[in-house]
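The structure appears right after this line, and notes come after that.
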Amino acid sequence: MKVRDRIKIYKDDRSVEVEALFDTGSAKSYLAERVAVKLGYEPYPKPVKVPLAVEDYLAEVVGDLPVYLEIAGYRLPERELLGVIRKLRVEAVIGVNIMEPYEIILEKDRVAFRRTPPRAHLFKL
């Protein structure tokens with residue numbers, strides 16, 4: 001399932017508001033390089049190619065960025081690490097690595113939390 005919603009991203013004294021794609025098919029969360037530049041990311045010495053769900057397509061992960069996120073009006077309490085992708089079509093992708101611990105749910109056209117205020121839940125394996 002996929003839903004788009006506005007989020008805020010905070011890095012030190014900088015912040016941006018972007019449209020994020022919340023994607024239950026994405027294991028990780030990513031940020032477009034053009035947005036990461038505004039927040040002051042440091043690129044990897046060499047990009048890493050990662051396969052996409054579509055056959056024969058690769059994305060270039062060019063860095064990562066530790067940030068705080070504000071989703072559905074709530075600032076998440078823990079810093080999250082977003083991969084930075086060159087030429088990402090959307091500004092941000094929020095994957096299950098963030099949705100599951102915070103119990104983010106997708107309802108038609110909106111993003112919500114199962115519990116508010118949101119907090120990360122550790123799951124017993």
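The figures that follow rest on heavy atoms only: side chains count, while hydrogens, waters and symmetry mates do not.
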Item to complete: Can you sort out the partners of V90 under side chain to side chain contact (heavy atoms under 4.5 Å, CB included), two or more places apart, ordered by chain and number?
Response: R4, L21, L88, V93
Discussion item. Within this structure, what is the CD-CD1 distance for the pair E80 and I94, rounded to the nearest 0.5 Å?
Written reply: 8.5 Å
Worksheet item: Measuring from E91:CD to I7:CD1, what's the distance to the nearest 0.5 Å?
Response: 9.0 Å
Worksheet item: In terms of hydrophobic clustering (I, L, V, M, F, W, Y; side-chain heavy atoms under 4.5 Å; direct or indirect links), are L81 and I98 co-clustered?
Response: no
Fill in: Rounded distance (nearest 0.5 Å) linking atom CG of D5 with atom CG of L106
9.5 Å
Item to complete: For Y41 and E33, work out which heavy atoms get closest and say how close.
Response: OH-OE2, 2.7 Å
Worksheet, complete the sentence: Looking only at heavy atoms, the pair that brings R6 and E19 closest together is NH1-N, 3.3 Å
Fill in: Under the side chain to side chain contact (heavy atoms under 4.5 Å, CB included) test, residues paired with R89 that sit two or more places apart
none
Discussion item. According to side-chain hydrogen bond (donor to acceptor under 3.5 Å, both in side chains), who are the partners of E107, at least two apart in sequence or on a separate chain?
Written reply: R110
Would you be so kind as to tabulate the donor-acceptor pairs closer than 3.5 Å made by side chains of residues 60-79, with sequence neighbours excluded?
residue: E60; atom: OE1; partner: R86; partner atom: NH1; Å: 2.9
residue: E60; atom: OE2; partner: K49; partner atom: NZ; Å: 3.2
residue: D64; atom: OD2; partner: Y44; partner atom: OH; Å: 2.9
residue: E70; atom: OE1; partner: Y10; partner atom: OH; Å: 2.7

Practice prompt. Carefully, step by step, assess F113 and I104 under the rule side-chain contact (heavy atoms from CB on, under 4.5 Å).
Written response: CA-CA 5 Å; F113 292 94; I104 293 173; 3.5 Å; yes
Determine all donor-acceptor pairs shorter than 3.5 Å in which one atom belongs to a side chain in residues 22-30; sequence neighbours excluded.
residue: D23; atom: OD1; partner: G25; partner atom: N; Å: 2.8
residue: T24; atom: OG1; partner: M1; partner atom: N; Å: 2.6
residue: T24; atom: OG1; partner: M1; partner atom: O; Å: 3.2
residue: S26; atom: OG; partner: K28; partner atom: O; Å: 2.7
residue: S29; atom: OG; partner: G95; partner atom: N; Å: 2.8
residue: S29; atom: OG; partner: N97; partner atom: OD1; Å: 2.7

Practice prompt. Flag yes if more than 12 heavy atoms outside K8 fall under 6.0 Å of its NZ atom; otherwise flag no.
Written response: no
